[in-house]
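Let me begin by presenting the structure, written as structure tokens, before commenting on it.
Along the sequence shown, residues carry numbers from 1.
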Amino acid sequence: MWSCGKIYVGRRQWERMDEYSLRPLHVQALLQIGKVVDDLQQLIDDKMPIEKINFPSIDKTAQEVVMKDLLDNRLYSFIPMREGLEVMGARVSKEHGIQRLCTALGIGLENVMAIGDSENDIEMLEACGMGIAMGNALDEVKDAADHVTLSNEDDGLALAIERYALN
């Protein structure tokens with residue numbers, strides 16, 4: 001559960017972290033800004049502002065149950081992933097954030113280059129004037145993009161900026 005710049009993880013989940021198929025970047029984030037708590041429900045009961053809840057290893061059937069239970073009140077948005085589910089506020093997305101920034105700066109979305117590698121990047125890649133998938137991205141992310149660059153490990157971000165933004 002994300003709140004106020006921290007990631008809160010239940011002790012049971014933390015102790016079983018090796019069972020989840022987390023990307024190295026996510027493990028690094030957990031180690032840097034993660035906080036282990038005995039009871040996530042207590043944080044919710046204490047009205048801690050929740051920015052996002054990740055279910056890193058949840059099967060499709062359980063995803064559907066969670067989405068159905070939460071969808072009725074229209075307060076949440078969901079990003080079902082191959083091996084998990086992200087639950088956020090209804091207006092929380094990378095695309096929405098970029099739209100708000102463009103409005104504040106007075107530029108059109110067609111003048112924006114977006115780069116991503118995960119399922120939660122697809123809407124952003126499709127909405128922006130140029131969408132670029134990292135070489136390590138999932139196939140569905142690559143399909144949504146206009147171009148594919150090298151992987152994170154091979155300086156794909158730098159290459160994309162040099163090739164498409166600076167030329």
Side-chain angles (χ1 to χ4, degrees), residues 1-8 20-30 32-33 49-167:
M1 182 175 84
W2 292 73
S3 179
C4 303
K6 291 221 178 283
I7 305 171
Y8 293 88
Y20 302 116
S21 57
L22 298 177
R23 293 181 179 182
L25 178 65
H26 296 149
V27 173
Q28 181 181 358
L30 283 169
Q32 290 177 350
I33 60 173
I50 300 170
E51 297 155 3
K52 177 170 76 168
I53 298 175
N54 279 7
F55 297 93
S57 294
I58 182 173
D59 64 37
K60 296 294 181 192
T61 303
Q63 282 183 17
E64 290 172 11
V65 170
V66 170
M67 291 189 305
K68 181 183 181 308
D69 285 349
L70 295 176
L71 191 60
D72 292 338
N73 60 24
R74 308 254 186 255
L75 296 176
Y76 303 97
S77 65
F78 307 95
I79 300 176
M81 296 181 287
R82 184 175 300 149
E83 296 180 8
L85 177 68
E86 288 185 0
V87 181
M88 297 157 295
R91 295 182 53 89
V92 175
S93 72
K94 292 177 183 183
E95 177 190 1
H96 186 260
I98 290 173
Q99 286 174 342
R100 290 189 63 179
L101 181 60
C102 286
T103 299
L105 296 173
I107 61 173
L109 214 51
E110 70 275 3
N111 297 309
V112 174
M113 179 177 84
I115 303 173
D117 66 355
S118 187
E119 289 107 327
N120 66 357
D121 296 321
I122 291 174
E123 288 180 349
M124 170 187 70
L125 295 175
E126 292 175 337
C128 291
M130 182 180 296
I132 301 174
M134 299 299 296
N136 55 287
L138 302 169
D139 287 339
E140 49 266 40
V141 177
K142 291 177 182 177
D143 291 343
D146 299 305
H147 304 282
V148 177
T149 187
L150 298 176
S151 73
N152 292 339
E153 291 79 24
D154 295 318
D155 296 326
L157 177 62
L159 176 66
I161 292 170
E162 288 173 359
R163 182 176 291 165
Y164 302 110
L166 299 178
N167 285 329

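Applying the ring pair (Phe, Tyr, Trp, His ring centres under 6.0 Å) test to pairs two or more places apart or on separate chains, those with a residue in residues 141-167 are His147-Tyr164.
Here the side chain of Glu119 pairs no donor or acceptor atom with the backbone of Val141 at under 3.5 angstrom. Distance alone, capped at 3.5 Å, places no donor-acceptor pair between the Asp117 side chain and the Gly135 backbone.
The two residues Leu109 and Cys102 come nearest to each other via the heavy atoms CD1-SG, 3.8 Å. For the pair Cys128 and Val112, the tightest heavy-atom approach, listed with the atom from each and the gap, is CB-O, 3.4 Å. Here the closest non-hydrogen pair linking Lys142 and Ala137 is CE-O, 3.3 Å. Here the closest non-hydrogen pair linking Gly156 and Thr149 is O-OG1, 2.8 Å.
One finds the CD atom of Glu162 at 10.0 Å from the CG atom of Leu157 (value rounded to the nearest 0.5 Å). Distance check, rounded to the nearest 0.5 Å: CD of Glu95 to CG of Leu125 gives 10.0 Å. To the nearest 0.5 Å, atoms CH2 (Trp2) and CD (Glu51) are separated by 8.5 Å. The NZ atom of Lys6 sits 12.0 Å away from atom CG of Leu30, with the distance rounded to the nearest 0.5 Å. Separating the NE2 atom in His96 from the CG atom in Leu101 is a distance of 12.0 Å, to the nearest 0.5 Å. Ile98 CD1 to Ile107 CD1: the interatomic distance, rounded to the nearest 0.5 Å, is 10.0 Å.
Among Val148, Asp154, Asp155, the one residue that satisfies the side-chain contact (heavy atoms from CB on, under 4.5 Å) test with Ser151 is Asp154.
Proximity of Ile161 to Met113: side-chain heavy atoms (C-beta onward) are separated by under 4.5 Å at one or more points.
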